[in-house]
Structures are given as C-alpha cells and as structure tokens.
Amino acid sequence: MLWETIRLALQAILRHATRSFLTVLGVVIGVGAVIAMVTVGQGSADQVTADVEKLGANTLMVLPGEDPLGGGPPGTALKMFTLRDNNALEEQLSVVRVSAPISQMRARVVFGNENRRTDVVGTDNRYFEAAQWEFALGRPFTAAELQSGRPVCVIGETVRDTLFGRADPIGQSLRAKTLSCEVVGLLRSKGASTFGTDQDDFVIMPLRTFQRRIAGNSDVSVLFAAIREGVDTERAAREIEALMRQRRRIGAAEEDDFDVIDMKQVASMLAGITDILTGLLAAVAMVSLLVGGIGIMNIMLVSVTERTREIGIRLAVGAEARQVLMQFLVEAVVLSLVGGLIGVIAGLGMGYLGARALSVPFAPDPLIVLVAFAFSAGVGVIFGYFPARRAARLDPIEALRHE
Amino acid sequence: MAERAGQARAPLIELEGITRIYGQGAAEVRALDGIDLTIREGEFVAIMGPSGSGKSTALNVIGCLDRPSGGHYRFCGTEVATLTRDQRALLRRHYLGFVFQGYNLLPRMSALQNVELPLIYKGLKRAERNRAAMAALRHMGLGDRAHHDPSELSGGQQQRVAIARALAGRPRVMLADEPTGNLDTKRSIEIMEVLTALNREEGLTIVMVTHEDDMAAFADRLIWMVDGRIASDGPMGKAA
C-alpha cells in the first residue's frame, strides 16, 4: 500500500512537472544556497587551516613599537633592535631554536629593461632555516659574503619571474636602488600567504650589505624567532619579552616598546573570522530556505480549496481518513524531497564552482547536506500535511462543499 | 441476479424521525425536521421539492456524507449512528455510489484514474482495477475517452465518467444529487436512460434528487419534500 502510494504520488508530480517544480523552486534555491555557502565557507576555512600548518614550526616575530598594528604617535621614532639583540635571543633562551635578524625596505629592482618594486630584505642564512625556505636554484650566502657584506642576493620566484622570465637567474646581476648585486640563489615558491600577500616577492641580501649599501644604518627591524619543537609559544613569548625588556632597559612600571607576535595565533584568528563569515553566509542562506518554505506554504494554501474538495471526493468513494492523510503526506514529502535533491545537487555544483573560483578546497559537509534534506522534508510535512489533516477531519459533505 | 431477486423488497434504507439542525438558538435551521422513510432494494426513488426543502440534506444523510442531529437511520438493519468514521467510510466504499451535480471528478487525473479511485480503496490490484474501470467506462460508452482529463470532456461525458466511478465499486445503492442539473435536455435524457437501465436491468437501487419533473418521471416513486418534512410519498404519477 505504501509503495503504491509513493508510486501514485510520483505519478501525480510528474504529470504536472512544471507546476510541481514551481512549487518546490523555493526549496530548491534555499537548499542549494545553504549547501553552496557552507561548502565554499568550509573550503575557505580548510584553506586557512592548511596555511597555518604551512607556517610550520612555531615562529614568533618581535617588532619595535608599542602597538605594531596601531603605531605610536605620529613622528615618534621607533627604537630599533640590533644584531646583538637577535643573537642574545638565540644564545640566552633555550626555547628559541634559531632567530634571524631582519631589516627591510620597499625598493625598485632592475634587470635589463625589466623592473619591479619589491621588498629588499637584509638578513642571514638563519632566516632560510627559521622560515623554512628551500632553494630551487643556487645556494645560501657564504660566511665570507655575510662577513664582508658582499653585493650578492637570493631572490623569490615572483622577482625572478618579472626580471628574468623563465631564464636561469644565477650569476646575473640585478640592481637594487644603486647597488648592483649578483644573484646566487632562487627560493622555491610558497605562493600566497594566509593573509593574501605574495610570499615570493622579495630580494634577500646579507644583513651587512643591506645596512651599509641600502639602508645606511645598522638597525635591525624584526627579530624572526623559530621556537624549539614542543615548546609552548606563549611561554616562549613571555621569555622573549622578559629578555627584551631587560636588554632595552624598560622599568617595571613602563610599557613594552616592542611587541611579540605569534604568527600562528594571527592565522588562527583569521581562521576564526572565516568561520564567522561562513556562519553568516549560512544564516543568510537559511533565511532563503525559510522563504522557500513559506513559498511552498503559500502555494499549498492556494490549492487547499481544490485539495479539500479532492479529500471530500476521496472520502465519499470510501477512503478512510488515514488513507487520505497517508497519500497527502507521501505526496508532500516526495515533492519536497525531490526539490531538496535538486537543491543538493545544484548546491554542490555551485559550491564546486565557487571553490574553484576562489581556489580553495571543495569541502562538502555531509551534515549540512543531511540537515538541508531533512529541512525540505519537514517543509513538506508542515505545509502539505497539516492542511490535509484539517480537511480529512471534516465530514465528507463539508469537504465537498468547501469553497 | 437470482440473489438480488431473493432480497427484493427487503428494507435497505430506513429513516425514522431523522432531523438535521444547523446552528443554535435563534439562528437554528432545521434542514430536516423529522423524516420517516423506507427504501427497499431495487427501487428507483426521486426526491423533489423547492430549494431549501432539505432534499439534498436527506440524500447526504442517506449517503453517510453527513450525520443527522437526531432520529434513527438503519442501513441494511445496521444503526448508522453506532458506526465510527472509518466504519462509515467502509459502508460508503462497499455499498454506496455517488453521482453529483458538479460531477466532482478529480481534475488532474484521467477519466480512467478517476474511475479507479474507489477500487484503490477497495484494495484491488492494479491490473484488476484497470480492467474493472475500463469495463465501467465502456459500459458508459466512454472506452475511447479513458485517458482524457475531465477538462477535455463535455459535461455529459464527465457525468458518465462519474456514473462509471459510482458503478465501478459495485454498490447496492446509487445516490444521485441533481445528476442532470448542469446538462441540456438531450444529455439529461441520455443520463436518465443510463440510470433507468441500471435500475431495470441490474436491479440497482437509485435515490435521486432533482428539481426537474421530466427527470423525476423516470423514477418509480416520488417523494415530495417541503420545509424539511416529507409532504407526499407515493408511486410516480399518483403523488405528483
């Protein structure tokens, strides 16, 4: 009997495919939107998580200034670090595995007819280790190059691409500001960072070269510290803070004039924001699903006169109330499930295209598919079944007379 | 038919002091105000009367589509008031067939599916159902219209589909409420000839409400109602 009822319901739906489709269009769009949004949102969150993983061993950045994001009062000169500060981190703190001194500025680099504004960075080989850079071509700096501040550099993939195209850059000389320096190494591309910046867009030279020939001072602007495996980054940050306060002679009552940033924490915060955005998008999509449900209710209510007469006719020819209800229930649920199914397929399709367009992983969530599906069935029950139940409780003649 | 002949003249429908009251207090309307009526197997009864005289209400009570407010209604000796909703549905399913003025076909089903409707509830298998419904449609001369929607059929054809539906369940009684009310004279007479033939040849008991003398004339017995009461009841010709 149930199978027969399902068969008849499908027959009734297919016989009026256009009408049936319009009835469930709201649910199709609602379910599709929810699934597409959540899929893309989940993909973005996965991407951020993967980026956080890529940051590798926990790294901390020490920057001068009270608030690295807000900055101090305008015109206040920041108290920079020195190479000794950096080496002190490594030597005096066991939690620090390796620390690299970094100094950098934006500058134009030129080769032949090509040029590019990029970050020119002065550091030493410890940076490659701390930030886990690998060499695609060439080599890191030699001790002699570092010691005497020779004009040599290691470049990122983006700089190579702009200046040299696909050609081998090793041994070529590029000009950074007024300094001509020889390319000795090319780093393997890391692509865009979590923050959307191009990590391969820089030229790296020995710190001493940079200080003397580019910056004209002996400042170090960033200490880039990799924490020893298994050490809590918060503890490491506290130790670094204490050491730097001592080295910079900050009184007990005074605020820090530098800041320790946990890269992983920042990335996690970003992942949190992505989650919130996904939630918001899903909420908006849920509203459209609700609107779709109301659309179904509207159409069901419009046809309730017709359906009430139908119920009257069925009762008159000898149907029991529960047989009529079963038929209406099955019809409503089958209709909404068909709508839900179309919505799921459309949603996954849109989610796939969206994920590709944003180049994030395609991450369909079975739970949300299930929830959307269950919701569409629920819409069918609520808006199809309850009006029918009211009608089936009438005496047949009242149902037949319904205007 | 031998079995039917044996039961002939047995009381099938017995109404005793039946009332049907709508509303309460000052707004009370007594649609049926004490009806006593016995209809026997094989009769062809016409119920007439002015508008609002309660003739349709009487038919609905007989058909268990409506419940009386008071009095006794026995169908085949069973007190209908003691039956549950579902038992009344079973009674309609197995003993009663309805024909309405407005046909009451389901609009989005073919003629064949409409005729099959009571058979679904009787629990017939698909093939069996199909055969019985086709037979009923052919009987009504509509074998070639089986797969048309009601909207593609004329009024006369739709009413014949409705009669086929009423007959497909092999009822003991056919209840017809103004079956020719929406039809022109020629179609009306065709429908009445069909009903008369069913009554004469197959012994089907028919109770028909009409306001047209020409149609009532096909019946054997005429009941005249006024203000919810039976004003006269007798063989056709004498009472009118």
Side-chain angles (χ1 to χ4, degrees), chain A residues 1-20 22-23 299-300 302-328 330-331 335 388-403, chain B residues 20 22 31 56-57 59-68 84-110 113-126 129 147 149-150 162 165-171 175 177:
Chain A
M1 187 65 197
L2 180 65
W3 184 238
E4 173 82 5
T5 313
I6 292 173
R7 200 182 60 80
L8 287 174
L10 274 174
Q11 217 173 49
I13 290 165
L14 289 177
R15 196 176 168 90
H16 302 278
T18 313
R19 194 182 120 127
S20 305
L22 287 175
T23 306
I299 290 172
M300 292 285 186
V302 166
S303 68
V304 87
T305 299
E306 187 183 294
R307 310 261 24 205
T308 302
R309 287 180 66 89
E310 175 179 343
I311 289 169
I313 292 167
R314 288 176 183 275
L315 292 173
V317 302
E320 292 162 59
R322 63 185 160 80
Q323 291 176 314
V324 173
L325 280 182
M326 178 56 82
Q327 178 215 335
F328 272 69
V330 167
E331 206 176 299
L335 188 62
R389 193 175 72 158
R390 207 176 46 203
R393 283 179 172 172
L394 298 173
D395 271 320
I397 194 65
E398 288 175 67
L400 279 171
R401 280 199 195 122
H402 192 89
E403 296 298 338
Chain B
R20 179 69 174 97
Y22 298 104
S56 285
T57 307
L59 195 75
N60 292 334
V61 167
I62 292 171
C64 300
L65 296 176
D66 200 358
R67 278 172 296 175
T84 64
R85 275 178 67 89
D86 283 346
Q87 285 171 326
R88 288 199 299 277
L90 293 177
L91 193 151
R92 288 194 295 272
R93 182 188 300 176
H94 294 288
Y95 295 100
L96 303 174
F98 294 92
V99 177
F100 301 94
Q101 178 176 6
Y103 324 129
N104 274 340
L105 299 175
L106 293 182
R108 281 189 298 280
M109 285 189 173
S110 69
Q113 286 173 315
N114 266 286
V115 177
E116 280 185 351
L117 202 59
L119 305 179
I120 291 177
Y121 296 117
K122 276 196 145 183
L124 266 66
K125 292 266 181 300
R126 218 164 129 205
R129 210 161 69 201
H147 298 288
D149 272 12
R165 181 176 68 189
L167 290 177
R170 303 212 147 273
L175 302 168
D177 190 358

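In the text below, chain A, chain B and the rest are named by the order of the sequence lines, each starting its count at 1. As the structure is a prediction and not an experimental result, all values here were calculated from the model.
- Around CZ of B/Arg126, the count of heavy atoms belonging to other residues, nucleotides or ligands within 6.0 Å does not exceed 12.
- Rounding to the nearest 0.5 angstrom, the gap separating the CD atom in A/Glu398 from the CG atom in B/Leu65 is 11.0 Å.
- Across all their heavy atoms, B/Arg85 and A/Ala392 have their closest contact at NH2-O, 2.6 Å.
- By the salt bridge (charged side-chain N to carboxylate O under 4.0 Å, His left out) test, A/Arg393 pairs with no residue at all, sequence neighbours left out.
- For B/Asn60, the part lying under 4.5 angstrom from a heavy atom of chain A is the side chain only.
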Give the table of side-chain donor-acceptor pairs shorter than 3.5 Å for residues 313-320 of chain A, with sequence neighbours excluded, one pair per line with atom names and distance.
residue  : atom : partner  : partner atom : Å
A/Arg314 : NE   : A/Glu310 : OE2          : 2.9
A/Arg314 : NE   : A/Gln327 : OE1          : 3.2
A/Arg314 : NH1  : A/Gln327 : OE1          : 3.2
A/Arg314 : NH1  : B/Tyr121 : OH           : 2.9
A/Arg314 : NH2  : A/Glu310 : OE2          : 3.0
A/Glu320 : OE1  : A/Arg322 : NH2          : 2.9
A/Glu320 : OE2  : B/Arg93  : NH2          : 3.0

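- Around the OH atom of B/Tyr103, the shell of radius 6.0 Å holds more than 12 heavy atoms that belong to other residues, nucleotides or ligands.
- Looking at B/Leu105, only its backbone comes within 4.5 Å of chain A, counting heavy atoms on both sides.
- The residue among B/Arg88, B/His94, B/Gln113 with the most heavy atom pairs within less than 4.5 Å of chain A is B/Gln113.
- Neither the backbone nor the side chain of B/Thr84 comes within contact range of chain A; no heavy atoms are under 4.5 Å apart.
- Put simply, CD1 on A/Ile397 and CG on B/Asp177 are 7.5 Å apart, with the number rounded to the nearest 0.5 Å.
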